[in-house]
Amino acid sequence: MPRNPPALRKDPSGTCYQNEAGMLHFSVMGSFPSLIVVILPDSRANKIYCQVKKEVDNPPYWVNVCLKYTFRLCDISAGTKVDSQFHRINVKLGGINIVPKAESIQILIDPSNLTLILGADVVHPVLGLYGCPSFASVVGSIDSTSSKYIACTRLQLSHQEMIEELEEMVHYMIVMYTRYAGIIENRTQRTPKRIIFYHSGISDSQF
């Protein structure tokens, strides 16, 4: 990642500018960005955040992270907060934050019973913010150590907890798990035999 990436400064009252930011990076650096960092103003941060995430759901699907203007990377007192932000960025760029000890996850790394771990959640706009959809996301492990995760996100009706396109999203995770097992890890057994599914924020009847 370059030490001095190009910066695009725009009026926050306007629309999103991620495509323009991507083209600026291409013109200056000769390549498209692997990550766009969006600095949100203290005022209207929630509304602009929704606009940014809505734009992400359309091509060319820029990877981005949003930070409030008041967030200071150099603030030592906020060390835990800084760590969590870099963990977010690392995962979004395909990195691995934690590799569990093999003896602690024997049931998950059994080569005869490959296991896919899925986690699902829905994020809703704040109350009083109209016209902004909810964001449904599913993350899934794709490697043999249950350490590398990928994610897919869909827009759906505002404040709806049930994930409308869950079947399609889970199918995508299974396909990606199978591809990673064959292409990256060169395993003969590629399709998961077990799926562990977590879903936050719903009742037993909804699950």
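For the single chain, residues carry numbers from 1 onward in sequence order.
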Within the structure provided, determine whether [X] and [Y] are in side-chain contact (heavy-atom separation under 4.5 Å).
| X | Y | result |
| --- | --- | --- |
| I150 | M173 | yes |
| L108 | I196 | yes |
| Q189 | P111 | no |
| Q156 | P133 | no |
| Q160 | S134 | no |

Give, for atom [atom1] of [X] and atom [atom2] of [Y], the distance between the pair rounded to the nearest 0.5 Å.
| X | Y | atom1 | atom2 | result |
| --- | --- | --- | --- | --- |
| Y177 | E185 | OH | CD | 7.5 Å |
| K148 | M176 | NZ | CE | 9.5 Å |
| E167 | E165 | CD | CD | 11.0 Å |
| L155 | C132 | CG | SG | 8.5 Å |
| L67 | I89 | CG | CD1 | 6.0 Å |

Does [atom1] belonging to [X] count more than 12 external heavy atoms closer than 6.0 Å?
| X | atom1 | value |
| --- | --- | --- |
| R88 | CZ | yes |
| I107 | CD1 | no |
| H171 | NE2 | no |
| E103 | CD | yes |

Across all chains, not counting sequence neighbours, the side chain to side chain donor-acceptor pair (under 3.5 Å) partners of R190 are none
Which pair of heavy atoms, one from [X] and one from [Y], lies closest together, and at what distance?
| X | Y | answer |
| --- | --- | --- |
| H159 | H124 | CA-ND1, 3.2 Å |
| V65 | K92 | CA-NZ, 4.0 Å |
| A7 | L24 | O-CD2, 3.7 Å |
| A120 | I163 | CB-CD1, 3.8 Å |
| D110 | R194 | CB-NH2, 4.4 Å |
| S147 | P100 | OG-CD, 3.2 Å |

Single-linkage hydrophobic cluster [X]~[Y], side-chain heavy atoms < 4.5 angstrom:
| X | Y | answer |
| --- | --- | --- |
| I98 | I96 | no |
| V38 | V123 | no |
| V138 | L157 | no |
| I105 | Y198 | yes |
| L118 | V175 | no |

Run L93 and S34 through side-chain contact (heavy atoms from CB on, under 4.5 Å) and show every step you take.
CA-CA 7 Å; L93 294 178; S34 56; 4.2 Å; yes
Partners of Y172 by ring-ring contact (aromatic ring centres under 6.0 Å, His included), sequence neighbours excluded?
none
From the list V170, T191, I195, side-chain contact (heavy atoms from CB on, under 4.5 Å) with L116 holds only for I195
The test is side-chain contact (heavy atoms from CB on, under 4.5 Å); show your working for T153 and S137 and say whether it passes.
CA-CA 4 Å; T153 303; S137 298; 3.1 Å; yes
What verdict does the side-chain contact (heavy atoms from CB on, under 4.5 Å) test give for I142 and I184, after you've listed the backbone C-alpha separation in whole Å, the side-chain angles of each residue and the deciding distance to 0.1 Å?
CA-CA 10 Å; I142 58 172; I184 305 300; over 6 Å; no
Intermediate values then yes/no, side-chain contact (heavy atoms from CB on, under 4.5 Å), V122 and F135:
CA-CA 6 Å; V122 182; F135 300 89; over 6 Å; no
